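Reviewing the structure listed below.
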Amino acid sequence: MATHKSGDDWLKMSQDYWRGWQDLTQQAMKGIQSEQSAAPWHEGLEQWSRLFRGGPGQSDMNSVLDQLLDHGRGYLNFLQQVASHPGSFGAEDLRAAAQRMMEELRIASPFAQGMPFAGSPLGEQFATALKWWQESVAPLQEQSQGWSRMPAFGMAREYVEQAQALSAAQEKLKDANQRYGALIAKALEGGLERFQSKLAERFEPGARRVEDMRGLYDLFIDGLEEAYAEIALSSEFRVVYGDLVNAQSDLRLKIQRVVEQVTGSLGMPTRSEMNTLESRVHELRRAAKRSHEHPAVSSLKAELDELRQELAALKASQHGAGHDDDELPLAPGRAAAGRKPAVATRPVTSVRVKAKAESAKTEAAKLSTPKATPKAKPARASSAKPAARAATRTAKGK
Amino acid sequence: MEAINFKPDALVTEALRYQSKIGAALGTLSSVDEVHFGVTDKEAIYSEDKLVLYRFRGERKPTSKVPLLIVYALVNRPYMVDLQEDRSLVRNLLALGEDVYLIDWGYPDRADRCVNLDDYINGYIHRCVEAVCERHGLDRINVLGICQGGAFSLCYAAIHPDKVQNLITMVTPVDFHTPDNMLSHWTRGMDVDAFVDSLGNVPADLMNYCYLTLKPFRLNHQKYVGLVDILDDKLELENFLRMEKWIFDSPDQAGEAFRQFIKDFYQGNKLVKGGLLIGEDAVDLKNVTMPVLNIYAEQDHLVPPSASIPLKNLVGTKDYEVLAFRGGHIGIYVSSRAQREVPGAIHRWLGERN
């Protein structure tokens, strides 16, 4: 059961906390200040951080430490805020504590800058591009207010229009960012309301009470998530989120175009050129794979295998008849040179082999002119397909 | 009546407990071993571009005559199915006698920007299936598609029904337009052409950002506050770090494949509405006539159950079974319950049909 506390009690609690903290750390370090009742509770984390922070070669460890402590700070601030209300654990007091915690969460959350991808490497890249724009182009814009809507003409008209479009894209992004930020703020505010109503439910007779501080924190997070989900699934959010992502894409494309012009004029390869080459290489590879897996190629491969076997059989039989390997069948040049062709001893086989060779030539000719086989199934015709699959094919190229 | 059942003094106790856990953690963190994953022996039997097809080696020879090919999603690394010794779908399937293969898609880079869904489904997956078939002298094999890999497997099975003997889909989105599908909701206002054109490939960080903002306060804050409870337990901490590694060790997405997946699946919902083309092949789920086992997770926030369940009325098979797993999108691979329930269910179902 909660008890009422006075301001003196609060001071005593903080002193208890720091005394406890001193006990915790006395084995690890000496000289912690004793008069710390007014210091934030997360100051203890900072002391852990100073104590355990590794040297320059231990950046991974420091990074883990920072992440851990960042989240700890928020939680400890929440505890301290709840404890700092000397009156009681009334719903209004807890709401005030939650309000402070929400600010912590807002800072720690991905919405920190009101823009998706902030804090990520992508966000940093985008921020760099934006900074470049703001430093190099935006001042021009400020010098002549309203220029972005003026018609352009003369030699430089294309470039003026491009700069105007860039300026408009930046404005559009700013607007989309604001609308997104407003919805996130609404979700956070809604989270507070939910938290309050969840607490109110616990005041009802027979309701399950909050058993510990973590339970209270979890209740707060539940409230925030519920309110956020409601906003995030709304049709308004869909529009605002889409607008924001699209505004980012649009500005990124426009900045890329300017960068391309600059780098192109310096004789450097551009992303567009790379894209074209990538597409062409990809199409070539696809065509090569299609050819490789074309039914005609499979058929040719099978025939080639068969021919090899027959050739080996012929060789073997000629060995048996006392022929030399140099006098193999189907060597027209040699036959023309007056030697007795081996085919004479195997007339039937020879005819079959020739027929297959002709067939192979025909298949090869078909392959070299793909339009001649419009119904051929590229890439996967090694096995017969069931009727069901054939029925699903579209008329396109089939 | 008071809503709170603890005294204000408890705040001090909790703060000190929290601090002491953090202090213990700093010692534990510096002694934690390098996190390993992908524990089961395997051999590469086929590779192409960045893809590698693996066959896992169990401690005993497989008893199943028809091998099982796992087709994982593009958006995360497939070692989730073989994370650690006591959390491995693969290991458990091998122990039950299954012969397990897995496609590892690798990490696409800018050179893979143009790889599209036709390349993935009719190209890579098909050639992997052929490689397994050839190795076993079979015409068809069993396929287990997971998440996005499940959607790919459905397409593959619809286009090549003669190559799939039994199809298992796990946490697979089918209906992308259900009201609780947050990811789908967000993508529907996006100009995906401008998005992909401006990015080339879609960076993994951006994908992770989107996943984290599905439940921003739980995933960015509460999870790490809760972490303190296990910070003084080296083993538990290693398990946590292994999971963190998997979550953030994500490949970039090939631009063209992403473009088509968002347009046709998330925005167009064409698996349900029809009209889906993979290359030149139309996908009609009525052609999925082989037996189908559909496993979904009841608390899945990425692929809500409502997105998976409609598969029943879309496929052409008369042999359809559904398994509801009590857990989430990740718990279905790594939770203790999953180890007990999922591999056994798959093995039993396959055994009745192979």
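Below, all heavy atoms of this structure are taken into account, side chains as well, without hydrogens, waters or symmetry copies. Here the structure is a predicted model, which is why all the values come from computation and not from measurement. First the proteins, then the strands, lettered A, B, ... as listed; each starts at 1.
Using a 4.5 Å cut-off between heavy atoms, B:Val196 does not touch chain A at all. B:Asp119 touches chain A through backbone and side chain together, each having a heavy atom under 4.5 Å away. Both the backbone and the side chain of A:Glu278 come within contact range of chain B, judged by heavy atoms closer than 4.5 Å.
Atoms CZ and OH, on B:Arg188 and A:Tyr241 in that order, are 14.5 Å from each other to the nearest 0.5 Å. With rounding to the nearest 0.5 angstrom, the CD atom of A:Gln248 is 13.0 Å from the CG atom of B:Asp191. In this structure, OG1 in B:Thr187 is found 8.5 Å from CZ in A:Arg238, a value given to the nearest 0.5 Å. Within the model, atoms CG of B:Leu199 and OG of A:Ser249 stand 6.5 Å from one another, a figure rounded to the nearest 0.5 Å. Here CZ of B:Phe217 is found 5.0 Å from CG of A:Leu224. Values are rounded to the nearest 0.5 Å.
Here A:Asn275 is the residue among A:Asn275, A:Val239, A:Val281, A:Asp250 with the most heavy-atom pairs under 4.5 Å with chain B. Looking only at heavy-atom pairs under 4.5 Å with chain A, the residue among B:Gly226, B:Ala194, B:Gly255 that has the most is B:Ala194. For the set A:Arg285, A:Met274, A:Arg214, A:Lys254, the entry with the most heavy-atom pairs within less than 4.5 Å of chain B is A:Arg214. Looking only at heavy-atom pairs under 4.5 Å with chain B, the residue among A:Ala232, A:Ala229, A:Gly242 that has the most is A:Ala232.
Between B:Phe195 and A:Leu253 there is no side-chain heavy-atom pair separated by less than 4.5 Å. Put simply, the side chain of A:Arg286 reaches to within 4.5 Å of the side chain of B:Asn116, judged on heavy atoms. The shortest distance between side-chain heavy atoms of A:Tyr217 and B:His221 falls below 4.5 Å. Contact annotation: the side chain of B:Cys114 never approaches that of A:Glu283 to less than 4.5 Å [non-hydrogen atoms, C-beta and beyond].
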Worksheet item: Does the pair B:Arg113 and A:Ser279 meet the rule for a side chain to side chain contact (heavy atoms under 4.5 Å, CB included), with working shown?
Response: CA-CA 8 Å; B:Arg113 184 183 62 86; A:Ser279 299; 3.5 Å; yes

Discussion item. If you apply the rule side-chain hydrogen bond (donor to acceptor under 3.5 Å, both in side chains), what do you find for A:His282 with B:Asp112, and how did you get there?
Written reply: CA-CA 8 Å; A:His282 186 73; B:Asp112 302 299; over 6 Å; no

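Between the side chain of A:Tyr228 and the backbone N or O of B:Leu214 there is no donor-acceptor pair closer than 3.5 Å. With hydrogens and angles disregarded, no donor-acceptor distance shorter than 3.5 Å links the side chain of B:Trp186 to the backbone of A:Leu233. Using modelled atom types, no side-chain atom of A:Asn246 and backbone atom of B:Met190 make a donor-acceptor pair closer than 3.5 Å.
Under the 4.0 Å criterion applied to side-chain N and carboxylate O atoms, B:Asp49 and A:Lys289 are assigned as salt-bridge partners. Here B:Arg218 pairs with A:Asp222 in a salt bridge; the nearest charged N to carboxylate O distance falls below 4.0 Å.
In this structure B:Lys245 satisfies the side-chain hydrogen bond (donor to acceptor under 3.5 Å, both in side chains) test with no other residue, sequence neighbours excluded. In terms of the salt bridge (Lys or Arg N to Asp or Glu O under 4.0 Å) criterion, B:Glu134 has no residue partners (sequence neighbours excluded).
Heavy atoms only, all atoms of each residue included: B:Ser198 and A:Arg252 are closest at OG-NH1, 2.8 Å.
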